[in-house]
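Step one of this worksheet: look at the structure below.
Predicted, not measured: the structure shown is a model, and the values here were computed from it.
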Amino acid sequence: QEQLVDSGGGLVQAGGSLRVACATSKMVIDTYTLGWFRQPPGLEREFVGAIIWLDDTPYYSDKVEGRFSISRDRNKNTMYLQMNNLQPEDTAVYYCAAARPGQNHKYERSYDYWGQGTQVTVST
């Protein structure tokens with residue numbers, strides 16, 4: 001059973017920036033597609049973005065395209081989600097997840113391992 005540990009959430013004002021991190025094992029960081037999902041209060045969990053295992057190609061949802069970026073540091077076994085120009089609607093619990101190669105990165109069911117989540121709150 002692989003572990004993913006989310007960290008870095010917090011409270012930020014609208015227009016601000018925050019970076020959350022996902023620490024995992026060497027095997028996962030090197031061979032899995034890694035994704036970020038979020039669950040806003042009272043809503044279902046939704047896809048935020050993913051980075052493909054083979055070539056680090058990033059994909060983003062329309063809601064965050066141009067504001068968020070995903071990166072992977074293979075030396076630190078950590079994935080990052082850099083969030084800029086945050087808005088109150090970005091308030092959510094953010095989860096990282098890992099999927100085996102070949103899975104559709106947009107769907108929750110593609111992911112085998114999940115972090116515990118980290119709260120991001122954006123105030124007006």
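- Here L34 sits in one hydrophobic cluster together with L4, V12, L18, V20, M27, V28, I29, Y32, W36, V48, I51, Y60, V64, F68, I70, M79, L81, M83, L86, Y94, Y113, V120, V122; the rule is ILVMFWY side chains under 4.5 Å apart, joined directly or through other members.
- Of the inter-residue distances, the one linking L43 atom CG with R38 atom CZ reads 10.0 Å to the nearest 0.5 angstrom.
- Evaluation of the salt bridge (charged side-chain N to carboxylate O under 4.0 Å, His left out) test over residues 1-26, restricted to residues two or more places apart or in two chains, returns K26-D30.
- Between T91 and Q119 the shortest heavy-atom distance is CG2-NE2, 4.0 Å.
- Side-chain contact between T33 and P101 is absent, with no heavy atoms from C-beta onward closer than 4.5 Å.
- Looking at T57, its side chain never comes within 3.5 Å of a backbone N or O of I52 through a donor-acceptor pair.
- W114 has its side chain within reach of E108: a pair of non-hydrogen atoms, C-beta onward, lies under 4.5 Å apart.
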Stepwise salt bridge (charged side-chain N to carboxylate O under 4.0 Å, His left out) check, K63 with D90:
CA-CA 9 Å; K63 290 182 180 180; D90 295 315; over 6 Å; no

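- At least one side-chain heavy atom of Q87 sits under 4.5 Å from a side-chain heavy atom of R67.
- The two residues T124 and A14 come nearest to each other via the heavy atoms CA-CB, 4.5 Å.
- If you take OH on Y111 and CZ on F37, they are separated by 4.5 Å, rounding to the nearest 0.5 Å.
- A donor-acceptor contact shorter than 3.5 Å is absent between the side chain of S110 and the backbone of A99.
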Quick one: do D112 and R100 satisfy side-chain contact (heavy atoms from CB on, under 4.5 Å)? Show the steps, please.
CA-CA 7 Å; D112 299 301; R100 279 187 281 264; 3.2 Å; yes

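- Heavy-atom neighbours of D62 CG from other residues, nucleotides or ligands within 6.0 Å: at or below the threshold of 12.
- Atom CD of Q116 is separated from atom SG of C96 by 7.5 Å, given to the nearest 0.5 angstrom.
- Among residues two or more places apart in sequence or in another chain, the ring-ring contact (aromatic ring centres under 6.0 Å, His included) test is passed with Y95 by none.
- Applying the salt bridge (charged side-chain N to carboxylate O under 4.0 Å, His left out) test to residues at least two apart or on different chains, none of the pairs has a partner in residues 76-89.
- N84 and S17 form a side-chain donor-acceptor contact under 3.5 Å, judged by distance and modelled atom types alone.
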side-chain contact (heavy atoms from CB on, under 4.5 Å) for S7 and T118? Distances and angles first, verdict last.
CA-CA 6 Å; S7 64; T118 185; 5.7 Å; no

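- By the 4.5 Å side-chain criterion applied to Ile, Leu, Val, Met, Phe, Trp and Tyr, Y80 is assigned to no cluster and stands alone.
- Under the rule for a ring-ring contact (aromatic ring centres under 6.0 Å, His included), the partners of Y59 that lie at least two apart in sequence or sit in another chain are H105.
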